[in-house]
Structures are given as C-alpha cells and as structure tokens.
Amino acid sequence: MTDLRLDTAAALAARIADRLASPDDVGDLGTAERWWPQSLGHGAAGIALLHVERAHAGLSPWQRAHDWLRFATRQEISAGEDSHLHHGAPALGFALHGAAHASGRYARALEALDRHITRATRRRLDDAHARIDRGALPALAEFDAIRGLAGTGAHLLRRDPQTDLLRDILEYLVRLTEPLKDDGETLPGWWSDLAPTGRPAPEYPGGHGNNGVAHGIAGPLALLSLAARRHIVVDGHIEAIHCICDWLDRWRQDSDTGPWWPYWITRTQLRAGRPDLAGPPRASWCYGAAGLARAQQLAALATGHATRRRMAEGALLHAVTGPAQTAALDASLCHGQAGLLHLAHRVAADAEPTDLADRVPRLLDALLASTADNDLLQTAAAVSKPGGEPTAGPRVRTVNRLGLLEGLAGIGLVLHSLTSPPDSTTGWDACLLIT
C-alpha cells in the first residue's frame, strides 16, 4: 500500500477525531441522529474509543478521551439486566478498560463497574439456564453479540480472560447449541420464536434461526472460537463450534459470486431445506458474508480445519471483488465499507497466502472516496443536542451519524487501525467479536 494512500487515510482519521474532539461540539456536527451517551454503538462511550486509541498512539491528547468518558458517565449508569456490551455498565467498562490499559487511570471506576457487570451477568445466566430447562425458545437478546451474553463474553475475554464468569458464559453457549423441540419439530437451540426485530411478527410464524454476527449464532461462534484460540475451553466447547459450523454449512449458498449465507432461516425455509433468496445480500459485518467469513475463519483457526479456513477466506475474497455484495454498502462500520475494509484487513492478516491482502488498498480507496467529502466533516446540516430531539436536515450520501457502529467514530477507528502499528491498539474491535 502506497505511503500517499496511507497518509491520506491518516489525515482523514485525524479530521474525524478533530470533528469529534469534544462533547460540547456535538450539537454543531450536523447529524440527524438520536443517541445515548452510555451506548458503545451509538453514543459517547463509542466515540471515547476513538480518542483512547489515538491518545494511546500519541496522536491526540488524553483530555479528549477523558471528556467523552466523563460525558458518558454524567448520568446514573444502567447496570441492570437490560445493560449489555453496547449499553450501560458493560459498554462503559469496555471503553474504560482500553483507557486504563493505555493510561493507568480509571482503576477504581473499573472495579465498581466489574461488580455491576458480574451481578447482572449472573442473573442473566440464571434466567437463560432456567429458560433452557423449561424447553422454551430464546430471544436473540439472550445470546447475541450486541445485547446478549456473547457480547458480555467479548468484554470479559478482553478484560479478564481467566475469570470464572467468562467460563460460565462459554458453558451457557455450549448448552445453547443443544437442540430443542417446538411443536414436534427439532430446532437448533438458538432458534428464536420471535422475528429478527426481537418482537413477534406475523411474517415469521414459528420464528427464525438467525445467522448473523450482530444478532445471530455467528456471534457465539466467534466468541467460542476466540476463547479456544487462547486455550480457554470448557466441556463440549469444540463440539459446539462444530455444531454451529455444520448449521452454516447447511445453509451456505455456493454461486458464481462465491459462498454466501442468508441472514436468517424461517420455519418454512427450514422445512423446505432451502432459502428463498435469489442472490447474496450485502457483505456487511453485522449479517453478511464479511462477518460470517471472519467468524468461520476464527473457528477454523481454533479447530485446525484447513478446508473451512480456505472456504471462509475465499468467501470474503469473492465478496470484495464483485459488485453483487458491495453495491448496497454505505460507509459505516456495521454494514458498510469501513466494516468490509476492517474485516478484509483482519482476515488477510490471519489468512494463508491469498489475493485478499491485495484488495485492501482498493477497499480503502472506496472508503476514502465516499467519506472525504462527508457533510459532517464540512458544515452543519442539522443540529442535534445529546439526548435531545434532532432538527430536520438533508441526508448525507455516506453517513450522517456520529457513533461507532453507524457513524464517524467507527470510520475513524478503522482508518486509525489501518495506518497504525499493531502494538499501538488497545483492542477496540474486540467489541465486534473479530479479535
């Protein structure tokens, strides 16, 4: 990758960081987003991650990170069972851990958050096991990477990998792969009787099996695989990885554009043994081939499965080389070009020799082209005070949000990671279950 291209990426990352320098400036950033300070994905906790990484690398002052962390904690912290990796105590714990690791500060605050996270997680585990004992089907928020126990496990794997609480989450995820019976049919243990929205819907009679990283079974697969790679293994652990991979193999669609997976499977599709999609959806982190490729690459690395490794790496290569899975991407981390670029960079680093690394510069060019003239980096298009109702404004072609998953902070973190030495990171992308 040329020095000029990397210099351009680094300069854009700096512009984004400067535009998000202070919580006091949020009202002037021209976003039509409603957001929450305690949110990692959509609020101040996620923006703090950008400044933590840059301060750790010596690129910006620690005061910026401190201001955003203080802003994120200015109200009573949500620490009950509705808290999760992207909201409340776990979200703040994730952000503070990175800051503490790099600066030596925040130890007392982290200890207090640890206690809240432990209490809430134990209650959630008790509820999950009681649900399995009843033979009931789960909600996605019980186990997924955003709101569920897989997300909490990602925080613990980064924060304290030897804690018994992490092993308890892994044991629950193993149990999640055990089949359940519903109306006489045998279903995978993660099958939800709700719609992908997490609510009942007539369009999903009998629920669905969700395949995504953000809200489906690929999130638990990634956590189980990441833990196994660090030699943290519980009874049935490797069998659970194989169980999830077998499910993804069953629903993999092999086409001229490469392997891809449907976002979810309905009861009708399960009975028919095939999805009813004509072609691949977008190659995003949250649901698409990019996230699923990384989860399966991690599974292959954890189990020594060379064939799966080649398949996963090939799936991502096909996704980034053709327009079929990239045409609908915006610029974001969650479901856009930034996420695809970051995943390609991470997968290529762990891949057998392939052409994937050669595609990273082109993915960077696409992100730079779609982000450099973003209205949020130029002038205000609308005004939104933190926690308040936004005023109307024109939609930005690329991204009109501030936060980690769908906004400027996520793009800035991807550009920073791509242009910085590996040892200059605190592991911010562990919240995506990709490292």
Q.
Is it the case that over 12 heavy atoms from other parts of the model lie below 6.0 angstrom from the CG atom of D164?
A. no
Q: Inspect the surroundings of CZ in R274 and state if more than 12 heavy atoms from other residues, nucleotides or ligands are less than 6.0 Å away.
A: no
Q.
Can you confirm whether L356 sits close enough to V320 that some side-chain heavy atom of one is under 4.5 Å from a side-chain heavy atom of the other?
A. yes
Q) Above 12 or not: heavy atoms from other molecules or residues under 6.0 Å from CG of D126? A) yes
(Q) Can you tell whether the side chains of R122 and D168 come within less than 4.0 Å, N to carboxylate O? (A) yes
Q: Report yes or no: does R294 contribute a side-chain atom to a donor-acceptor pair with the main-chain N or O of I434 at less than 3.5 Å?
A: yes
**Q.** side-chain contact (heavy atoms from CB on, under 4.5 Å) evaluation trace for R282 with Y263
**A.** CA-CA 10 Å; R282 63 186 176 186; Y263 285 177; 3.4 Å; yes
Q: Grab the two heavy atoms, one from A9 and one from T419, that are nearest each other, plus how far apart they are.
A: CB-CG2, 3.7 Å
Q) Do H208 side-chain atoms and L194 backbone N/O form a donor-acceptor pair below 3.5 Å? A) yes
Q. With a distance cut-off below 6.0 Å to the six-membered ring centre and an angular limit of 45° from the axis, does R175 pair with Y172 as a cation-pi contact?
A. no
Q: Report yes or no: does H345 contribute a side-chain atom to a donor-acceptor pair with the main-chain N or O of V360 at less than 3.5 Å?
A: no
Q. Passes side-chain hydrogen bond (donor to acceptor under 3.5 Å, both in side chains), H215 versus D144? Steps please.
A. CA-CA 5 Å; H215 295 296; D144 73 15; 2.9 Å; yes
Q) Roughly how far, to the nearest 0.5 Å, is CG of L340 from CG of L364? A) 12.0 Å
Q | S417 (side chain) donor-acceptor with V414 (main chain) under 3.5 angstrom | A | no
Q: Give a yes or no on whether the backbone of G41 and the side-chain of H86 come within a donor-acceptor separation of less than 3.5 Å.
A: yes
Q: Classify the angle between the aromatic ring planes of Y106 and H66 as parallel (below 30°), tilted (30 to 60°) or perpendicular (above 60°).
A: parallel
**Q.** Note, L50 side chain near W68 side chain (heavy atom, < 4.5 Å)
**A.** no
(Q) Please report the interatomic distance CD1(I16) to CG(L413), rounded to the nearest 0.5 Å. (A) 9.0 Å
Q. Does any N or O in the side chain of E53 come within less than 3.5 Å of the main-chain N or O of T426, such that one atom is a donor and the other an acceptor?
A. yes
Q.
Taking the basic N atoms (NZ, or NE/NH1/NH2) and the acidic carboxylate oxygens, is any pair closer than 4.0 Å for R252 and D254?
A. yes
Q) Shortest non-hydrogen contact from S60 to R54? A) OG-CB, 3.4 Å
Q: List for me each residue that meets salt bridge (Lys or Arg N to Asp or Glu O under 4.0 Å) alongside D18, sequence neighbours excluded, and say none if there are none.
A: R64
Q | Nearest heavy-atom neighbours spanning S78 and S83 | A | O-CB, 3.5 Å
Q: Please identify each residue that fulfils side chain to side chain donor-acceptor pair (under 3.5 Å) with E185, with sequence neighbours left out.
A: R267, R271
**Q.** Main-chain N/O of T371 paired to Q337 side chain as donor or acceptor, under 3.5 Å
**A.** no
Q. When you look at S22 and D67, which way does the side-chain hydrogen bond (donor to acceptor under 3.5 Å, both in side chains) test go after all the steps?
A. CA-CA 7 Å; S22 169; D67 288 347; 5.1 Å; no
(Q) For a side-chain hydrogen bond (donor to acceptor under 3.5 Å, both in side chains) check, start with the C-alpha distance between Y287 and N210, then their side-chain angles and the critical distance, and finish with the verdict. (A) CA-CA 9 Å; Y287 272 110; N210 198 298; 3.1 Å; yes
Q: List the atom of A120, the atom of A79, and the distance in Å for their closest heavy-atom pair.
A: CB-O, 3.6 Å
Q: Considering non-hydrogen atoms only, spot the tightest contact between A315 and P259 and give its length.
A: CA-CD, 3.9 Å
**Q.** CZ on R359 to CG on L317, rounded to 0.5 Å
**A.** 7.5 Å
Q: Begin with the C-alpha distance, continue with both residues' side-chain angles, and end with the deciding distance and a verdict on side-chain contact (heavy atoms from CB on, under 4.5 Å) for L137 and S192.
A: CA-CA 6 Å; L137 298 174; S192 176; 5.9 Å; no
(Q) Salt bridge or not between E352 and R310? Use side-chain N to carboxylate O under 4.0 Å. (A) no
Q. Would you call T186 and P179 a side-chain contact if the rule is heavy atoms closer than 4.5 Å?
A. yes
**Q.** W428 and its ring pair (Phe, Tyr, Trp, His ring centres under 6.0 Å) partner, picked from H416, H155, H342, H56
**A.** H342
**Q.** Stepwise side-chain contact (heavy atoms from CB on, under 4.5 Å) check, L301 with R229
**A.** CA-CA 7 Å; L301 291 168; R229 291 192 71 194; 3.6 Å; yes
Q | Non-hydrogen side-chain atoms of H335 and L329 separated by less than 4.5 Å | A | no
(Q) Can you tell whether the side chains of E406 and R401 come within less than 4.0 Å, N to carboxylate O? (A) yes
Q. In terms of heavy-atom contacts, does CZ of R362 have more than 12 from other residues, nucleotides or ligands at under 6.0 Å?
A. no
Q) Measuring from L248:CG to I217:CD1, what's the distance to the nearest 0.5 Å? A) 8.5 Å
Q: Starting at CD1 of I47, measure out to CG of L40 and round the result to the nearest 0.5 Å.
A: 11.0 Å
Q: Examine distances only and state if a side-chain atom of W191 and a backbone atom of G206 form a donor-acceptor pair shorter than 3.5 Å.
A: yes
Q. Thinking salt bridges, do E171 and R167 make one under a 4.0 Å N-O criterion?
A. no
May I have the list of side-chain donor-acceptor pairs in residues 92-104 shorter than 3.5 Å, sequence neighbours left out?
unit_1, atom_1, unit_2, atom_2, d
H97, ND1, R159, NH1, 3.4
H97, NE2, R158, O, 3.4
S103, OG, A99, O, 2.6
S103, OG, R105, N, 3.3

Q) Between OG1 of T326 and CG of L363, what distance do you get to the nearest 0.5 Å? A) 8.5 Å
(Q) Quick check: do L292 and Q297 have side-chain heavy atoms less than 4.5 Å from each other? (A) no
Q: State, yes or no, whether a side-chain contact exists between L405 and L432 at a heavy-atom distance under 4.5 Å.
A: yes
Q: Evaluate the side-chain proximity of L166 to L170: yes if any heavy-atom separation is below 4.5 Å, no if none is.
A: yes
Q: Kindly give the heavy-atom pair with the smallest separation between A228 and I238, and that separation in Å.
A: CB-CD1, 4.4 Å
Q | Donor-acceptor under 3.5 Å (Q269 side chain, T266 main chain) | A | yes
(Q) Could you go through L367 and L415, starting from their C-alpha distance and side-chain angles, then the distance that decides it, and tell me whether this counts as side-chain contact (heavy atoms from CB on, under 4.5 Å)? (A) CA-CA 9 Å; L367 180 62; L415 294 172; 3.9 Å; yes
Q.
For G288, is there any backbone N or O sitting under 3.5 Å from a side-chain donor or acceptor partner on S284?
A. yes
Q.
Using side-chain hydrogen bond (donor to acceptor under 3.5 Å, both in side chains), reason through R308 and Q296 one step at a time and then give a plain yes or no.
A. CA-CA 7 Å; R308 182 172 305 284; Q296 291 180 85; 3.2 Å; yes
Q.
Are P280 and W261 packed together at the side-chain level, in the sense that at least one heavy-atom pair is separated by less than 4.5 angstrom?
A. no
